[in-house]
Amino acid sequence: LFITLFHVQGQSNFPYSVELQAVSIPNLPGLHSFAFGQYDGKILLIGGRNDGLHARQPFNAFPANSNNTLLYVVDIENQQVYSSDLNSLSVSLQEQLQSTNMNFKQDGNTLFIIGGYGFSNTANDPFVNTISMVSRDSNGDLTEFALLEAMPSLEGASAEFIPNHD
């Protein structure tokens with residue numbers, strides 16, 4: 001079940017309500033703490049975990065075998081899920097895109113992804129300090145790459161990110 005149906009009822013003078021429709025999509029993976037972007041009615045799911053609540057022991061909190069190592073595209077209208085393995089990308093991008101709880105921001109056809117929690121073998125650090133960008137051009141071609149800049153003091157997850165267009 002992708003979305004749960006419920007009705008929000010708050011204060012009696014609150015003029016808003018929320019209604020969600022349940023959608024069941026075959027082969028949609030169980031993921032949490034992922035980054036996402038939207039394009040042309042499809043949703044791109046990046047990173048996150050496929051193991052549910054993580055262990056509370058520091059040595060076993062985020063085992064690599066529970067990282068989401070696939071990029072998923074979810075087509076809700078046609079109830080289809082497509083995936084692609086991260087192995088064809090550079091190690092730096094693989095580490096970035098399989099981390100959990102990344103900060104992300106979509107600006108038009110560009111999805112910025114920063115940080116995340118997941119062990120980085122490259123940096124020998126439990127936080128990923130890579131800044132990645134996923135962009136779609138006017139032809140619909142998707143390009144992912146790690147920016148040369150890293151986050152020296154903002155390592156980790158859930159930092160606020162606002163792109164500067166200047």
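Note that the structure is a prediction, hence the values are computed from the model and not measured.
- Within a 6.0 Å radius of CG in Asn27, no more than 12 heavy atoms belonging to other residues, nucleotides or ligands are found.
- In this structure, the separation between NZ on Lys105 and CD1 on Ile113 is 14.0 Å, given to the nearest 0.5 Å.
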| message | Using the rule given for side chain to side chain contact (heavy atoms under 4.5 Å, CB included), can you reason through Thr100 versus Asn67, listing the C-alpha separation, both sets of side-chain angles and the distance that settles it, and then say yes or no? | response | CA-CA 8 Å; Thr100 186; Asn67 293 354; over 6 Å; no
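- The distance from the CD atom of Gln38 to the CG atom of Asn109 is 12.0 Å, given to the nearest 0.5 Å.
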| task | Might you work through the side chain to side chain contact (heavy atoms under 4.5 Å, CB included) test for Leu45 and Ile43, ending with a clear yes or no? | result | CA-CA 6 Å; Leu45 306 177; Ile43 302 170; 3.8 Å; yes
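- Remark: Phe34 CZ to Leu44 CG distance equals 10.5 Å, nearest 0.5 Å.
- Under the side-chain contact (heavy atoms from CB on, under 4.5 Å) criterion, Ser84 pairs with no residue at all, not counting sequence neighbours.
- Between the side chains of Arg49 and Asn68, no donor-acceptor pair of N or O atoms lies under 3.5 Å.
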| Stepwise, does the side chain to side chain contact (heavy atoms under 4.5 Å, CB included) test hold for Asp51 with His32? | CA-CA 9 Å; Asp51 60 350; His32 68 85; 3.9 Å; yes
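- Contact between Pro29 and Val81 at its shortest, heavy atoms only, is CD-CG1, 4.4 Å.
- Following chains of ILVMFWY side-chain contacts shorter than 4.5 Å, one cannot reach Val91 starting from Ile46, and the two form parts of different hydrophobic clusters.
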| task | Using the side chain to side chain contact (heavy atoms under 4.5 Å, CB included) rule, take Asp107 and Phe112 through it: C-alpha gap first, then chi angles, then the decisive distance, then the call. | result | CA-CA 8 Å; Asp107 187 17; Phe112 294 93; 4.2 Å; yes
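- Interatomic distance, Leu70 CG to Leu97 CG, rounded to the nearest 0.5 Å: 11.5 Å.
- Rounded to the nearest 0.5 angstrom, Gln98 CD and Asp85 CG are separated by 9.5 Å.
- In this structure Phe36 satisfies the ring pair (Phe, Tyr, Trp, His ring centres under 6.0 Å) test together with Phe104, sequence neighbours excluded.
- Gln94 and Leu86 make their closest contact through CG-O, 3.2 Å (heavy atoms, listed as atom of the first residue, atom of the second, distance).
- A distance of 6.0 Å separates CG of Leu111 from CD of Gln106, quoted to the nearest 0.5 Å.
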